[in-house]
Amino acid sequence: MSGEINGTNVIIQNGTGDIVGQMEMTLTHNGTPIDISNKSAGDFVTLLDGELAGKQLQLSGTLVYNDDAQFRATRAASLTGTQDTYTVTYTSSAATDESFSALMVPNGMSDSLPHGDKVSTTLTFLSSGVITHTEAA
């Protein structure tokens, strides 16, 4: 395949632009179609075209546990519910980077401590407000 990206090249940065970590993640863009059904459509559902309610970006990812100050600050923010602007970037080359940025709160922190292997932290980042998407070039 040509043009594919490697999932290990996904990074997340905080509002200062500092890298929180490189991560394996799932990104979900949530939104609910708006039902505008009425009796003229009979029993069929009619959805408003081009609109979604409850838009939210949800990132769930795993970072290798480390002693970097930005990683520690993100863990602390998860415990207190503190929001910051986070940007997740898919990197394969300068010509194809795609990113999502929003005010988010890290949530649902879970540490995995396997015997004899690396320790990792899984976090979910929930957006609050407008999401900025930069499409791949």
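Basis for what follows: all heavy atoms, side chains included, without hydrogens, waters or symmetry-related copies.
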Review point. Taking only residues two or more places apart in sequence, or in another chain, which ones meet Thr89 in a side chain to side chain donor-acceptor pair (under 3.5 Å)?
Key: none

Practice item. Determine which pairs satisfy ring pair (Phe, Tyr, Trp, His ring centres under 6.0 Å) with at least one residue from residues 100-137, sequence neighbours left out, and list them in order. Key: Tyr86-Phe125, Phe100-His133

Review point. In this structure, are over 12 heavy atoms from other groups packed under 6.0 Å from Asp49 atom CG?
Key: no

Revision key, fill the gap. The complete set of salt bridge (charged side-chain N to carboxylate O under 4.0 Å, His left out) pairs with one or both residues in residues 35-46, sequence neighbours excluded, reads none

Point to revise | Donor-acceptor contact present, side-chain Ser37 to main-chain Thr46, <3.5 Å | key: yes

Study note, to complete from the structure: Residues passing the side-chain contact (heavy atoms from CB on, under 4.5 Å) test with Ser78, sequence neighbours excluded, are Pro106, Met109, Leu123

Practice item. Compute whether any side-chain donor of one residue and acceptor of the other, for Asn30 and Thr28, lie under 3.5 angstrom apart. Key: no

Study note, to complete from the structure: For Thr80, the side chain to side chain donor-acceptor pair (under 3.5 Å) test, sequence neighbours excluded, returns Thr82

Revision key, fill the gap. Interatomic distance, CD@Gln83 vs OG@Ser128, rounded to 0.5 Å, equals 4.5 Å

Exercise for review: Name all residues meeting the side chain to side chain donor-acceptor pair (under 3.5 Å) criterion together with Asp84; count only those two or more places apart in sequence or in a different chain, and write none if there are none.
Suggested key: none

Practice item. Check the hydrophobic clustering (I, L, V, M, F, W, Y; side-chain heavy atoms under 4.5 Å; chains of links allowed) and say if Ile131 and Leu27 are grouped together. Key: yes

Exercise for review: Kindly state each residue pair satisfying salt bridge (charged side-chain N to carboxylate O under 4.0 Å, His left out) with at least one member in residues 55-72, sequence neighbours excluded.
Suggested key: none

Check your understanding: Does anything in residues 49-85 pair up under ring pair (Phe, Tyr, Trp, His ring centres under 6.0 Å), and if so which pairs, sequence neighbours excluded?
Key -> Tyr65-Phe71

Point to revise | Hphob cluster co-occupancy, Leu57 + Leu103, side-chain heavy atoms under 4.5 angstrom | key: no

Check your understanding: What residues, two or more places apart in sequence or in another chain, satisfy ring pair (Phe, Tyr, Trp, His ring centres under 6.0 Å) together with His29?
Key -> none

**Study point:** Side-chain cluster (under 4.5 Å, hydrophobic types only) that Leu126 belongs to, other residues
**Key:** Val105

Point to revise | Those residues that, when tested against Ile34, pass side-chain contact (heavy atoms from CB on, under 4.5 Å) (two or more places apart) | key: Ile36, Leu48, Glu51, Ala53

Check your understanding: Do you know which two heavy atoms are closest between Ile19 and Gln70, and how far apart they sit?
Key -> O-CB, 3.7 Å

Review point. With sequence neighbours left out, which residue pairs that include part of residues 100-111 fulfil the side-chain hydrogen bond (donor to acceptor under 3.5 Å, both in side chains) condition?
Key: Arg75-Asp111, Thr87-Ser101, Asp111-Thr121

